[in-house]
Each structure stands twice: as structure tokens, then as C-alpha cells.
There are 2 protein chains.
Amino acid sequence: MLLGTEIHLTPGDPGQEQFSISDLSQEFDVTTRAIRFYEDEGLLEPRRKGRRRVYTVRDRVRLKLILRGKRLGFSLSEIGDIITMYDSEPGEAGQLHYFINKISARRTVLKQQRDDIDVTLNELDAIDKQCRKTLARLP
Amino acid sequence: MLLGTEIHLTPGDPGQEQFSISDLSQEFDVTTRAIRFYEDEGLLEPRRKGRRRVYTVRDRVRLKLILRGKRLGFSLSEIGDIITMYDSEPGEAGQLHYFINKISARRTVLKQQRDDIDVTLNELDAIDKQCRKTLARLP
DNA sequence: TGTTAAATTGACGTTTACGTAAACGGAAAT
DNA sequence: ATTTCCGTTTACGTAAACGTCAATTTAACA
């Protein structure tokens with residue numbers, strides 16, 4: 001029995017449970033090189049069938065988290081920290097305090113970013129209106 | 001008469017109108033090297049007194065815009081585009097349409113970022129609560 | 001007026017996040 | 001069975017954004 005047929009039972013199936021690297025590459029518009037790089041950096045660890053990478057739904061979620069982090073301008077190292085928060089299994093008290101502090105710090109950054117965004121959006125809004133106003137007074 | 005005394009009339013004065021590179025460096029916690037680099041990239045163009053850079057209030061505002069853009073993860077090139085929007089003098093119709101489109105595109109990105117931030121904040125909130133809950137059940 | 005202290009200009013080094021190309025191994029299709 | 005993909009590894013290249021000297025110049029202060 002061929003391994004590939006297991007992976008690609010129903011390509012494009014919404015209930016798909018296994019993904020090839022090019023599946024993910026196409027779905028999220030990211031190169032296979034980048035996906036492999038994220039693995040090198042410890043952000044992904046897909047199973048293997050022989051040499052080939054096989055991504056689960058969980059891996060796919062992780063990739064989504066990575067890309068979201070990138071959109072927010074975080075470094076891969078920071079993204080790794082964030083993913084670790086998501087993955088944390090209820091451990092000992094020290095670990096939990098550590099995570100709570102990490103989460104708090106991250107939230108501070110995110111809130112600052114949101115403030116920056118709001119300010120910028122308002123300013124761009126004003127500039128946009130000014131442009132349209134000027135435009136309306138032209139021939 | 002010494003030039004320096006003109007620049008540093010009242011160091012730390014809230015109504016200060018001229019700044020040295022180290023003034024800005026200290027105020028915004030950014031290295032002088034970075035500030036010079038932004039100039040190399042065309043994002044700043046301070047006047048000179050002799051060889052020394054003299055920054056005006058306007059230059060300082062620009063630096064603030066640069067740092068805000070950095071916090072949002074934009075490249076210096078993107079930040080340059082944004083600053084250009086702020087600086088735009090009412091020009092001809094073509095220019096105005098061009099800017100309006102640029103602004104629109106930038107707003108789309110900013111809104112996506114804000115959504116990403118909101119989602120992330122909510123998720124971190126949930127994780128935080130989970131952590132505290134687990135903590136409360138420990139010795 | 002000599003001596004620090006701050007600023008400038010190169011120039012080279014570094015980190016991050018991939019791009020790109022080569023060379024090879026399986027798998028799929030014909 | 002063989003061409004044709006797709007995937008893998010390895011390795012070198014690269015753009016962005018500075019860091020880090022070193023060598024000078026200029027300024028401020030004792």
C-alpha cells in the first residue's frame with residue numbers, strides 16, 4: 001500500500017486530517033522553504049512517513065499561529081514563546097507563575113500595539129478626508 | 001559665540017525646539033547609530049550646524065512616527081511610505097488618488113493587525129485564567 | 001589652554017528570516 | 001518501465017536593520 005494515498009485521500013477536503021507540506025504552502029501562501037525553516041527553529045515538528053513530512057491538524061493550527069505572529073511583527077523566537085503558552089500543560093506552581101508573567105508581558109505589548117494602531121488609523125482617516133476634500137475642489 | 005550653547009539652552013526643557021542626537025537617543029531609548037541609520041534611509045533629514053546634526057521638533061515627531069511603525073512591525077521602507085502620507089502637500093488629482101489608495105491599503109493592514117491582536121488577547125486571557133485556576137487548586 | 005566628553009564618518013561584522021540552486025530519493029502518471 | 005513530479009537535504013546567498021569598532025573632529029569644562 002502506498003503512503004501517499006493515505007495522505008491525499010481527499011485533497012481539499014474540509015475535514016482533512018493530514019497535510020503535505022505543499023498543501024499548507026498553498027493554503028496559507030507561504031513557501032515550503034519557510035515552513036521547513038520554522039521547523040528548524042523548533043516551531044513545528046511534523047511526523048514523518050519515511051522522509052516525507054506529514055502535518056496534522058494541530059501542526060496546521062501552529063502554522064496559523066506562526067503566521068499571525070508574523071503579521072504582528074513578532075520574531076520567530078517571540079512566536080515560539082507564545083506557542084509555548086498555548087501548549088502549556090498544567091504543571092507546577094513555579095511554571096504557572098512563570099507563564100502568567102509571560103502572558104502579562106505579552107499582553108502589555110499587544111495593548112501598546114493596539115493603541116498605536118488606533119492612533120494611526122485615526123490619523124490616516126484625517127489625512128484621507130483631507131485628500132478627498134482637496135480633490136473635491138479640483139476641476 | 002559657541003554653537004553648542006544654542007542647542008542646549010535648557011536641556012530637558014519641555015518647550016525645547018532643538019535637539020542633539022543624544023537628546024533624542026536618550027528620550028526615546030534608541031541608539032544614535034539607529035537614528036543615523038534612519039537618516040541614511042531617508043526617513044530623517046536634520047539640519048546641520050557645521051558637521052553636527054540639529055533636530056527640530058518636526059524631526060522629533062518623525063522619529064516618533066518611525067518608532068511607532070517599528071512597534072507595529074513595519075519595515076523602514078513601509079514607514080517611509082507612511083511618513084510620506086503625513087507629509088503630503090495638497091497636490092494634483094493623480095497624486096491625491098495615489099495617496100488615497102495607499103492610505104486605504106495601509107488601513108486594511110492595520111485593521112487585520114487589530115483583529116489579530118484582539119483574537120490573541122482573548123486567547124491569552126483564556127490561558128491566563130486557566131493557569132490561575134490550576135494554581136488555585138495547588139497546595 | 002589643555003583635557004575630557006560628545007559627535008562624525010567610514011568600514012566591517014552580525015542576526016534574522018528566509019531565497020535559491022544543486023543533487024538525490026521516492027511516488028505518480030502514462 | 002520510465003519519465004515526471006514532489007519532496008528532502010545541504011549549502012551558499014541575501015536583504016534588512018542595525019552593532020561595533022577605529023580614527024577624527026569638535027565642543028565643553030576645569
Side-chain angles (χ1 to χ4, degrees), chain A residues 1-11 18-55 59 63 65-83, chain B residues 1-12 18-55 59 63 65-81 83:
Chain A
M1 186 204 232
L2 297 175
L3 296 171
T5 53
E6 294 179 32
I7 300 181
H8 280 287
L9 269 174
T10 47
Q18 312 239 88
F19 307 87
S20 72
I21 194 167
S22 53
D23 283 344
L24 296 183
S25 167
Q26 287 170 36
E27 178 174 4
F28 298 114
D29 194 34
V30 56
T31 66
T32 59
R33 175 67 177 96
I35 296 177
R36 290 196 194 95
F37 184 72
Y38 301 150
E39 183 177 345
D40 287 343
E41 296 297 300
L43 302 182
L44 291 174
E45 28 189 358
R47 285 173 35 233
R48 299 281 182 135
K49 283 202 171 154
R51 297 159 69 89
R52 301 172 100 82
R53 292 168 173 82
V54 179
Y55 298 87
D59 293 321
L63 181 54
L65 286 177
I66 294 170
L67 298 177
R68 189 204 287 166
K70 295 228 71 184
R71 285 196 299 274
L72 295 178
F74 298 149
S75 72
L76 293 185
S77 153
E78 290 174 312
I79 293 173
D81 288 350
I82 296 176
I83 290 183
Chain B
M1 182 200 231
L2 297 175
L3 295 172
T5 54
E6 295 181 29
I7 298 183
H8 281 285
L9 268 175
T10 46
Q18 311 239 90
F19 308 87
S20 72
I21 193 167
S22 53
D23 283 344
L24 297 183
S25 169
Q26 287 169 35
E27 178 174 5
F28 297 115
D29 193 33
V30 57
T31 66
T32 59
R33 175 66 177 95
I35 296 178
R36 291 195 194 96
F37 184 72
Y38 301 150
E39 182 178 345
D40 287 343
E41 296 298 300
L43 301 182
L44 292 173
E45 29 188 358
R47 284 171 38 232
R48 300 282 182 134
K49 284 203 171 154
R51 298 159 70 89
R52 300 172 98 81
R53 292 167 174 83
V54 179
Y55 298 87
D59 293 321
L63 181 54
L65 285 177
I66 294 170
L67 298 177
R68 188 204 286 166
K70 296 231 71 187
R71 285 197 299 273
L72 294 178
F74 297 149
S75 70
L76 293 184
S77 152
E78 290 173 313
I79 293 173
D81 288 352
I83 290 182

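Quick note on labels: first sequence line is chain A, next is B, and so on, each numbered from 1.
Nearest nucleotide to the B:Leu76 side chain, out of D:dC18, D:dT9, C:dT8: D:dC18.
No donor-acceptor distance shorter than 3.5 angstrom exists from the side chain of A:Ser22 to the backbone of A:Ser25, with no hydrogens or angles considered. A distance-only check finds no donor-acceptor pair linking the side chain of B:Asp81 to the backbone of B:Glu78 [under 3.5 Å].
When the C1' atom of D:dC18 is taken as reference, atom CD1 of B:Ile79 falls 13 Å away, rounded to whole Å. Distance CZ (B:Phe37) to C1' (C:dT15): 13 Å, rounded to an integer number of Å. Between B:Phe19 atom CZ and C:dA7 atom C1' there is a gap of 18 Å when expressed in whole angstrom units. Between the P atom of C:dG25 and the NZ atom of A:Lys49 lies a distance of 23 Å, rounded to the nearest Å. Taking atom CZ of residue B:Arg51 and atom P of nucleotide D:dT26, one finds them 6 Å apart after rounding to whole Å. In this structure, A:Leu24 places its CG atom 15 Å from C1' of D:dC6, rounding to the nearest Å. Between the P atom of D:dA16 and the CG atom of B:Leu43 lies a distance of 13 Å, rounded to the nearest Å. In this structure, B:Asp40 places its CG atom 12 Å from P of D:dA17, rounding to the nearest Å.
Phosphate contact (OP1/OP2 of D:dT9, side-chain N/O of A:Arg48, threshold under 4.0 Å): present. Between A:Arg52 and C:dG26, a side-chain N or O to OP1/OP2 separation shorter than 4.0 Å is absent. For D:dG7, one of the phosphate oxygens OP1 or OP2 lies less than 4.0 angstrom from a side-chain nitrogen or oxygen of A:Ser22. Distances shorter than 4.0 Å separate some side-chain N or O of A:Ser20 from OP1 or OP2 on D:dG7. Using a 4.0 Å cut-off, no side-chain N or O of B:Lys70 falls inside it from OP1 or OP2 of D:dA17. Close to D:dT26, at under 4.0 Å from its OP1 or OP2, lies no side-chain N or O of B:Arg53.
Residue B:Tyr38 is in sugar-phosphate contact alone, with no base atom involved, counting any heavy-atom pair closer than 4.0 Å across all strands shown. At a threshold of 4.0 angstrom between heavy atoms, the contacts of B:Ser77 with the nucleic acid are absent. If you check every strand for non-hydrogen atoms under 4.0 Å, A:Thr32 touches nothing.
Side-chain atoms of B:Arg33 come within donor-acceptor range of the base of D:dT20, with a qualifying N/O pair under 3.5 Å.
Projected onto DNA chain C by closest heavy-atom contact, B:Tyr55 and A:Thr31 fall at different nucleotides, the more 5' of which corresponds to B:Tyr55.
Scanning all heavy atoms of the two residues, the minimum distance from B:Ser20 to B:Tyr55 falls at C-CD1, 4.0 Å.
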Discussion item. Between A:Tyr38 and A:Leu63, does the side chain to side chain contact (heavy atoms under 4.5 Å, CB included) criterion hold? Intermediate values first, please.
Written reply: CA-CA 9 Å; A:Tyr38 301 150; A:Leu63 181 54; 4.1 Å; yes
Item to complete: Test side chain to side chain contact (heavy atoms under 4.5 Å, CB included) on B:Ile66 and B:Ile83 and set out the steps.
Response: CA-CA 8 Å; B:Ile66 294 170; B:Ile83 290 182; 3.8 Å; yes
